[in-house]
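For reference, positions follow the sequence shown, starting with 1.
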Amino acid sequence: MVKHETYDPIEAIDNGRPNKTGRVLQFLSDGCSEKVKSELSLVSPELTESFDSSLGGFLFSLQNPFTALVATLTGPEAMARLSRSSGSRLLYTLRATASSSAASSPLHVPRSALALLLLDGHCRRFSSGNVARTKEVNEPWWKESMGRLRNIGISAHIDSGKTTLTERVLFYTGRIHEIHEVRGRDGVGAKMDSMDLEREKGITIQSAATYCTWNGYQINIIDTPGHVDFTIEVERALRVLDGAILVLCSVGGVQSQSITVDRQMRRYEVPRVAFINKLDRMGADPWKVLNQARSKLRHNSAAVQVPIGLEEEFQGLVDLVKMKAYYFRGSNGEKVVSEEIPANMEDFVAEKRRELIEVVSEIDDKLAEAFLSDEPISSIDLEEAIRRTTVAQKFIPVFMGSAFKNKGVQPLLDGVLNYLPCPTEVSNYALDQNNKEEKVTLSGTPDGPLVALAFKLEEGRFGQLTYLRIYEGIIRKGDFIINVNTGKKLKVPRLVRMHSNEMEDIQEAHAGQIVAVFGVDCASGDTFTDGSVRYTMTSMNVPEPVMSLAVSPVSKDSGGQFSKALNRFQKEDPTFRVGLDPESGQTIISGMGELHLDIYVERIRREYKVDATVGKPRVNFRETVTQRADFDYLHKKQTGGQGQYGRVCGYIEPLPAGSANKFEFENMIVGQVIPSGFIPAIEKGFKEAANAGSLIGHPVENIRVCLTDGASHAVDSSELAFKLAAIYAFRQCYSAARPVILEPIMLVELKVPTEFQGTVAGDINKRKGVIVGNDQDGDDSVITAHVPLNNMFGYSTSLRSMTQGKGEFTMEYKEHLPVPQDVQMQLVNSHKASKGTE
C-alpha cells in the first residue's frame, strides 16, 4: 500500500517514471478521489459526475500521453493556455468544473472542497504562481515579471564616475556587502573592474555585466568604459539595452566622449536619464552642465532634483516630483531620511518645479491640458508624464548626486524603475531571412519563438563565454538552438547569469534577460533562434581601426601562445584586427588608438606569459583617385598547351563624396564580348588590385570601376586570365587618375589652464592641426582641433611637459583627408626606399 502522506503522484508523472504509474492509479482510485467526491456531493451531484469523467480522462492520458481527453472537458483554449503535464491538466479541470458549477448554483463551494480541489490534503500543493495564472487566464504569466525588469547601461566620459556609481548601486541593492574604490588602493578594487590592469590603471577596459534587485524589480546593469579607444564596448552594450544612465561630471560638464556616447545612444534609440555626478567637488555647477547638455547634446531635459548645498556643503537633494527633501545618513549613506524642504530653498524649488512642468508639458498633451487650465499637478500625474516622454525619447530627466560621497544613488535607482522602459515597452526589429530581409517587429515576450543576439564574447576558464540578449521566447539549459548566420545547430550545455566575473548557474531565461552561455561557438553579432524562424538582428556599428603596430614574440618557442592570444582577442573585440605585412612578413595589429594597442600587448604578456617586441606605430593611410582614367589592357600568354587570353576596356573614376561604398564595380558591356561567367573574376581582380595602391602600398578607397568593352578567346580565355588582365589594367591606368594619399584626421579636444593656451595652440599648428574651436570653462581653455594622427604620436608626454602636468586631451577618429603634396612626396620616397632595401 502506498503511503499517502509521503508519496507525490503528480511529481511521479511530471518526472516521467512509468514504473510507478500503477501506484499512482491505485492512489487516485482508493484515496484522493473518494475524499474529493464525498466533499463535492455535499455541494452538487453534477460536480461529482464531472469529477468522475475528468479523472477518467486523466487516467486514460497516463496510458496514452498523446491523447488529451481532458481537452473535451476544459475546451481546447484552456488546454493551450495550460499546456503543462497531465497532473496540471487534471488540476485545471477540477478548478474549471468547480467554478462553472458554482456559477450556475446558488450554493458556493465550501473552503474544504476547494482545498481538496487544490490537492491540499494528501496531494501536492501547486505553486502560487500557477494558481494565480489559472485565476487570471487572460493575463499572461510573464506580464508581471517582464514589467519588473530593467536592462540599463551606465556610460559617460572618462573619469565621470561610472564604475564608482555601479559599485554604490550594487552595495545598496545588497549584491555586495562592502564598498571598494576604483583604483584598488585597498588592494581590492571596484567589483566591476575585475581585470588586474583595470584596477592598476583605474580605468574600465571591458564592459562588465551584473544584476541586482531594487524594490522588487530586477535590474541588469552593464558598466561600460569611457575611453574612446574602447568605444566598441559601449557600442555593443547600448545595442542590447532598453535604457541608459548618461553620467556627467558637475565640474567637467559635457566633454568629448559624452557627445560620442550620446550619439551612440541616439543611434540605437535608447531612452536615457542623466546623472550629474561629483557635486561634492570644488567648482561643481550642475546648472551649467544642464545648459551644456541642452546646447551641445541638444537634449530636451530638465532637473527632477535640486541639490541642498554644493561642494563641501553638499548635504542632500530635493525631489521636484514628490516635493520632499532627502538626506543620506549612515556610514555609507544607506539610510535615506525624508524631511520637509528647507525654508530658505522653497522659492528656488518652486521655480525649478515649474520649469520641469513647462518642459514636460510642451511634449506631453495630457500634462499640457492640466498645466494650461491652471489645475494643481499632482506628483503622480507628473511622474506618469515624465515616464511617457522618457520612454518615447522626447525628454531626459536629470538626476544629481555624488556617488563617491554616497549621496543621490537610491533616488537614481527609483528613477530607473519609474522612468526607464521595461523590455516589452521597447520596439525591437529583426530581419526575416526567408522573406528578403523584411523587417519584423518582435513582440519581446516569452510566448514567441526564441530570438537571441550574441553581443559579446569572452574566453573564460571553461571555454568561450557568449553573452546573449534574449529578445523573444525562452532559452533552457540543454535546448538545441540554431545559429542563423552559420546554420549550425548547437546545444546549450550551460546557462549562467553574470555578476562581473562571477557566474550563477540558471536553468532557463526568458525574453528581456541578459545571460551568458558556455561552449557555443559563434561570432559577435550572430543571431540564435529555436529553428522555427530565420530572423537575424541588425548588427552593431563597428568603427574602423585607426592605428597599427608591428608585434612579434621575443622567443620563437612562444609563437603558439602568441597566435592563440591574438586569435582570442580578435574574436572578442571587432575593432582589434590582426594582419600580416606581405612585404616585411611582420604581424600587424590594428586598433582604435595607442592605449587600446598597449593594453592588448600588456594582456599578451600577463595572460599568456609571452613577451612581445613592439615596432613603431604605423598609421592606416589610404589612397584614392581624383580624376577619371581609361584602361584598355590585353593579357595574352602562350606557352605549350592552353594559353591565357583576356582583354578588358573601361575606366576608373572617384566616387562622389559621402558614398556609403568604398569600392564599386559596374559592368556596362552590352552583348557577350566577354562571357558573363568571367565578369565575377574581373571584379575580383580589380578588388585585389585596389587592396594595395602603387603610391605607398595602402588600400585604394572611394573608387568606381566601369567595364565597357573587352575580348575573349574561345579556348584560351579563363577566369585566371581575366583576373590577371583586371589587375594589370588597374595598375596601368592608376597613375593617370592622379592618385592621392589620405591620412586619418583626429578630432582632438584639449583642456588646459588659460596661461598655457598660447603654447598649446602653437604646438597644434606645428603638428599641422587646424583649431576649430576655443571656449572658456572657468580658469581653463577648451581647444578643439583637427590634427593628423601621424603627428599625434607621443603627444600626451608633450602636453604634460607644456602644461606642468595640468593639461588633458581626448582624441577620436574623424575622417580620412588628402595629405599635403610635400608629405605625399616624403611618404612615397620612404616607401620606395623601404622596398629598395628589402
Check: [Y] main-chain N/O paired with [X] side-chain donor or acceptor under 3.5 Å:
X    : Y    : answer
E311 : G283 : yes
T424 : G444 : no
K162 : H157 : yes
E749 : Q255 : no
N151 : P423 : no
E375 : S373 : no
K278 : L248 : no

On a heavy-atom basis, which atom in [X] and which in [Y] lie closest, and how many Å separate them?
X    : Y    : answer
G415 : F399 : CA-CZ, 3.5 Å
L238 : A244 : CD2-CB, 4.2 Å
K751 : D780 : CE-OD2, 3.6 Å
Q393 : V270 : OE1-N, 4.2 Å
K814 : L747 : CB-N, 4.1 Å
I276 : L290 : CD1-N, 4.4 Å

(request) Please lay out, stage by stage, how Y211 and T173 fare under the test side-chain contact (heavy atoms from CB on, under 4.5 Å). (result) CA-CA 10 Å; Y211 64 94; T173 55; over 6 Å; no
Would you indicate whether the side-chain heavy atoms of [Y] and [X] approach each other to under 4.5 Å?
X    : Y    : result
C212 : F171 : no
Q264 : S155 : no
I514 : F455 : yes
I232 : E235 : yes
S258 : Q292 : no
Y327 : I308 : yes
N300 : T389 : no
N418 : I386 : no

(message) Does L297 form a side-chain contact (heavy atoms from CB on, under 4.5 Å) with L246? I'd like the steps, not just the answer.
(response) CA-CA 11 Å; L297 303 176; L246 176 65; 4.1 Å; yes
Considering residues, nucleotides and ligands other than [X], do more than 12 of their heavy atoms fall under 6.0 Å from its [atom1]?
X    : atom1 : answer
K366 : NZ    : no
I380 : CD1   : no
R354 : CZ    : no
K405 : NZ    : no
E313 : CD    : no

(message) If we check side chain to side chain contact (heavy atoms under 4.5 Å, CB included) with L382, which of these qualifies: D364, I377, L320, V304?
(response)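 With L382 as partner, side chain to side chain contact (heavy atoms under 4.5 Å, CB included) holds for just one option, I377.
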(message) Does V240 form a side-chain contact (heavy atoms from CB on, under 4.5 Å) with Y268? I'd like the steps, not just the answer.
(response) CA-CA 9 Å; V240 298; Y268 297 115; over 6 Å; no
Atom [atom1] in [X], atom [atom2] in [Y]: separation rounded to 0.5 Å?
X    : Y    : atom1 : atom2 : value
I470 : H510 : CD1   : NE2   : 8.5 Å
R353 : K322 : CZ    : NZ    : 11.0 Å
L170 : T210 : CG    : OG1   : 5.0 Å
R388 : Y419 : CZ    : OH    : 12.0 Å
E233 : T224 : CD    : OG1   : 9.0 Å
M802 : L750 : CE    : CG    : 8.0 Å

(request) Classify the ring geometry between F809 and Y795 as parallel (under 30°), tilted (30 to 60°) or perpendicular (over 60°). (result)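 It falls in the perpendicular class, over 60°.
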(message) Applying salt bridge (charged side-chain N to carboxylate O under 4.0 Å, His left out) to E340 and K324, what does each step give before you reach the verdict?
(response) CA-CA 6 Å; E340 291 303 311; K324 288 274 180 194; 3.4 Å; yes
(request) Report the C-alpha distance between V398 and V289 in whole Å, list the side-chain angles of each, state the deciding distance to 0.1 Å, and finish with yes or no for side-chain contact (heavy atoms from CB on, under 4.5 Å). (result) CA-CA 10 Å; V398 178; V289 179; over 6 Å; no
(request) Determine the sole option in R272, R469, R150 for which the salt bridge (charged side-chain N to carboxylate O under 4.0 Å, His left out) test with D242 is passed. (result)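 Testing each of R272, R469, R150 against D242, the sole residue satisfying salt bridge (charged side-chain N to carboxylate O under 4.0 Å, His left out) is R469.
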(request) Tell me, please, whether F328 has K407 positioned over its six-membered ring: NZ or CZ under 6.0 Å from the ring centre and within 45 degrees of its axis? (result)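 Output no; distance or angle outside limits.
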(request) Decide whether a cation-pi geometry holds between R148 and Y217; the criteria are a distance under 6.0 Å from NZ or CZ to the six-membered ring centre and an angle within 45° of the ring axis. (result)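 Geometry flag: set, cation within 6.0 Å and 45°.
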(request) Could you tell me whether E355 and R294 make a salt bridge, using a distance below 4.0 angstrom between a side-chain N and a carboxylate O? (result)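 Salt bridge: yes.
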(request) Determine whether the side chains of R168 and N406 contain a donor N or O and an acceptor N or O closer than 3.5 Å. (result)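 N406 and R168 do have a side-chain donor-acceptor pair below 3.5 Å.
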